[in-house]
Amino acid sequence: LVINTPLLNNLRFEKNHFSGSIPSNMIEDPVRSQLSSIDVSSNSLTGTLPDWFYLVNCWVFKFQDNRLSGTVSSNVTQLTSAHSIDISNNHFHGSIISSFDSFPHLLLFNVMNNFFSGTLSIEMKGSGSSRLTVKMDGNNLEGPLPQQFSKSVSQVYLSSNYLTGSVSSLICHNQQLKALVLSDNQIGGAIPSCLWGMLMFTLELDYNLFHGPIDSATIKPSWFRSFYSIGFNQFTGTFPAAWFYQINLFGISASNNCFQ
């Protein structure tokens, strides 16, 4: 199958039973292609990811839920028009980008449940004005947690990796951060007071090495449908009753700590 129709705008083959590898020459001239959406998710595709990153008009790049493997070319930064890049639930490995300066319109970057390794940069950068969701759960990422996230990043999911270090107060500089999921890592230390005061709908810190008291004085009333998960750590002191005054509180999980 070779696509040689320059005016083709959408390519959708999701949720079928396609198997085998994706031909690298399937799109004959990716530089001049007008494709704005590629979705081959939820199949049984194998092999490597084609180097179609010169599809500069592509908004949606969805290859999740397959059996693809290999590394991801650094040419992914050529997808400058992308709003959504999703290669989750595959078998990719190697390093992964942590700077999103090349993606001014990106809303979703999802690489969860692969085998990516290496460290994240000190600052997870991004220059766009969009509200970016970054999902990197379930990989083999290691090293210290980034000290801060760009203001273009609104949701960060890093659970089930091998991250270490501590949570820096610099994270609080991004008041647009609405979800922070760090569960099941090896991050420790005390949580900076400012983090408890941020208005989030999801804060998940369970299964780590955090310790110390929670500064309930910094907890603010929130209209978000909030969920807090801090179980299986070593938090001490009095449990913050202020959380129970959240109007739309959805749930709290704080088991296996040292509260009194």
Quiz prompt | Exceeds 12 heavy-atom contacts within 6.0 angstrom, atom OH of Y162 | solution = no
Exercise. For side-chain contact (heavy atoms from CB on, under 4.5 Å), just list the numbers for L195 and L180, CA-CA rounded to whole Å, side-chain angles, deciding distance to a tenth of an Å, and then say yes or no.
Key: CA-CA 10 Å; L195 186 66; L180 181 62; 4.2 Å; yes
Quiz prompt | R131 side chain vs K151 backbone, donor-acceptor pair below 3.5 Å | solution = yes
Self-check item: Between CD1 on residue I38 and CD1 on residue I22, distance to nearest 0.5 Å
Solution: 9.0 Å
Exercise. Examine L177 and M136 and state if one hydrophobic cluster contains both, with Ile, Leu, Val, Met, Phe, Trp and Tyr joined whenever side-chain heavy atoms are less than 4.5 Å apart.
Key: yes
Quiz item: Parallel, tilted or perpendicular: which describes the rings of F239 and F259, with under 30° parallel and over 60° perpendicular?
Solution: perpendicular
Quiz item: Taking the six-membered ring for Trp, are F13 and F18 ring centroids under 6.0 Å apart?
Solution: yes
Self-check item: Aromatic ring pairing F100/F109, orientation class (parallel under 30°, perpendicular over 60°, tilted between)
Solution: perpendicular
Practice problem: Taking the six-membered ring of Y157 (Phe, Tyr or Trp), confirm whether the NZ or CZ of K135 is under 6.0 Å from its centre and within 45° of its axis. | Solution: yes
Quiz item: Between the main-chain N or O of S81 and the side-chain N or O of H83, is there a donor-acceptor pair closer than 3.5 Å?
Solution: yes
Self-check item: Flag if over 12 foreign heavy atoms under 6.0 Å of CZ, F250
Solution: no
Quiz item: Considering all heavy atoms of both residues, which atom of L79 and which atom of C58 are nearest to each other, and what is their separation?
Solution: CD2-CB, 4.4 Å
Self-check item: Interatomic distance, T119 atom OG1 to E142 atom CD [nearest 0.5 angstrom]
Solution: 7.5 Å
Quiz item: Is a side-chain N or O of D206 found less than 3.5 angstrom from the main chain of I230, in a donor-acceptor match?
Solution: no
Quiz item: More than 12 non-hydrogen atoms from neighbouring residues, nucleotides or ligands closer than 6.0 Å to OH on Y207, yes or no?
Solution: no
Exercise. Flag yes if more than 12 heavy atoms outside W59 fall under 6.0 Å of its CH2 atom; otherwise flag no.
Key: no
Quiz prompt | Exercise: identify the closest heavy-atom pair between S159 and N185 | solution = CA-ND2, 3.9 Å
Quiz item: Side chain of N43, backbone of S41: donor and acceptor closer than 3.5 Å?
Solution: yes
Practice problem: May I ask you to decide if the ring planes of Y228 and W243 are parallel, tilted or perpendicular, using 30° and 60° as cut-offs? | Solution: parallel
Exercise. Report the distance from atom CD1 of I96 to atom CG of L120, rounding to the nearest 0.5 Å.
Key: 8.0 Å
Exercise. Decide whether L145 and M200 are clustered together by the hydrophobic rule: side chain heavy atoms of Ile, Leu, Val, Met, Phe, Trp, Tyr closer than 4.5 Å, transitively.
Key: yes
Quiz item: Between the side chains of N114 and N139, is a donor N or O closer than 3.5 angstrom to an acceptor N or O?
Solution: no
Self-check item: D86 side chain to S88 backbone, donor-acceptor under 3.5 Å
Solution: yes
